[in-house]
Amino acid sequence: MTCVSCRTGLDHCHGTVLLHVDGGAECTEPDCADAVLVRHALVVDCDSIEGGCACEVTVERLAHAS
(Lines give C-alpha, C1' and ligand atoms only; values in the text may rest on other atoms or scores of the structure.)
Protein backbone atom coordinates (compact mmCIF):
# COMPACT_ATOMS: atom_id res chain seq x y z
CA MET A 1 0.00 0.00 0.00
CA THR A 2 1.37 3.42 -0.97
CA CYS A 3 0.29 6.74 0.54
CA VAL A 4 -1.39 9.35 -1.65
CA SER A 5 1.53 11.78 -1.25
CA CYS A 6 3.98 9.12 -2.46
CA ARG A 7 1.79 8.26 -5.46
CA THR A 8 1.42 11.91 -6.50
CA GLY A 9 5.07 12.83 -5.88
CA LEU A 10 4.27 15.39 -3.17
CA ASP A 11 7.25 16.35 -0.98
CA HIS A 12 6.42 14.85 2.43
CA CYS A 13 7.72 12.76 5.32
CA HIS A 14 6.18 9.78 7.08
CA GLY A 15 7.72 10.74 10.43
CA THR A 16 6.22 12.72 13.29
CA VAL A 17 7.37 16.22 14.21
CA LEU A 18 8.00 16.78 17.92
CA LEU A 19 7.49 20.37 19.00
CA HIS A 20 9.74 21.23 21.94
CA VAL A 21 8.89 23.72 24.68
CA ASP A 22 11.99 25.75 23.79
CA GLY A 23 10.56 26.39 20.30
CA GLY A 24 12.63 23.75 18.51
CA ALA A 25 11.24 20.95 16.38
CA GLU A 26 12.57 17.58 15.27
CA CYS A 27 11.31 14.68 13.20
CA THR A 28 11.23 11.07 14.36
CA GLU A 29 12.35 9.90 10.91
CA PRO A 30 16.18 9.73 10.87
CA ASP A 31 16.43 10.48 7.14
CA CYS A 32 14.10 13.50 7.25
CA ALA A 33 15.59 16.57 5.54
CA ASP A 34 13.86 19.05 7.86
CA ALA A 35 11.07 19.35 10.43
CA VAL A 36 8.90 21.74 8.40
CA LEU A 37 5.36 21.20 9.63
CA VAL A 38 3.67 21.20 6.21
CA ARG A 39 5.71 18.14 5.14
CA HIS A 40 4.35 16.08 8.06
CA ALA A 41 0.88 14.71 8.72
CA LEU A 42 1.62 14.16 12.41
CA VAL A 43 2.78 16.90 14.80
CA VAL A 44 2.82 16.47 18.60
CA ASP A 45 4.13 18.34 21.63
CA CYS A 46 7.23 16.66 23.07
CA ASP A 47 5.62 16.34 26.51
CA SER A 48 3.09 13.91 25.04
CA ILE A 49 5.69 11.26 24.15
CA GLU A 50 6.12 8.31 26.47
CA GLY A 51 8.81 9.05 29.03
CA GLY A 52 8.68 12.78 28.34
CA CYS A 53 11.44 14.84 26.82
CA ALA A 54 14.72 16.18 28.20
CA CYS A 55 13.87 19.77 27.17
CA GLU A 56 10.78 19.61 29.37
CA VAL A 57 12.96 18.89 32.41
CA THR A 58 15.31 21.76 31.53
CA VAL A 59 12.45 24.25 31.28
CA GLU A 60 11.01 23.07 34.63
CA ARG A 61 14.41 23.54 36.30
CA LEU A 62 14.75 27.05 34.88
CA ALA A 63 11.24 27.98 36.04
CA HIS A 64 11.98 26.83 39.60
CA ALA A 65 15.35 28.59 39.65
CA SER A 66 13.86 32.01 38.97
Which residues, ordered by chain and number, are linked to V44 in its hydrophobic cluster, where ILVMFWY side chains connect at heavy-atom gaps below 4.5 Å, directly or through other members? L18, I49
Could you work out, with side-chain contact (heavy atoms from CB on, under 4.5 Å) as the rule, every residue matching H14, not counting sequence neighbours? C3, C6, H12
Apart from L37 itself, what residues make up its hydrophobic cluster when side-chain heavy atoms of I, L, V, M, F, W and Y under 4.5 Å apart count as a link, directly or indirectly? V17, L19, V43
side-chain hydrogen bond (donor to acceptor under 3.5 Å, both in side chains) against E26, all qualifying residues, sequence neighbours excluded: H20
If you compare all heavy atoms of A35 against all heavy atoms of C27, which two are closest, and at what distance to 0.1 Å? CB-N, 4.1 Å
Treating D45 as the side-chain partner and D47 as the backbone partner, does any N or O pair qualify as donor plus acceptor under 3.5 Å? no
Applied to residues 31-44, the side chain to side chain donor-acceptor pair (under 3.5 Å) test, sequence neighbours excluded, yields D11-R39, D34-R39
For A41, side-chain contact (heavy atoms from CB on, under 4.5 Å) partners two or more places apart: none
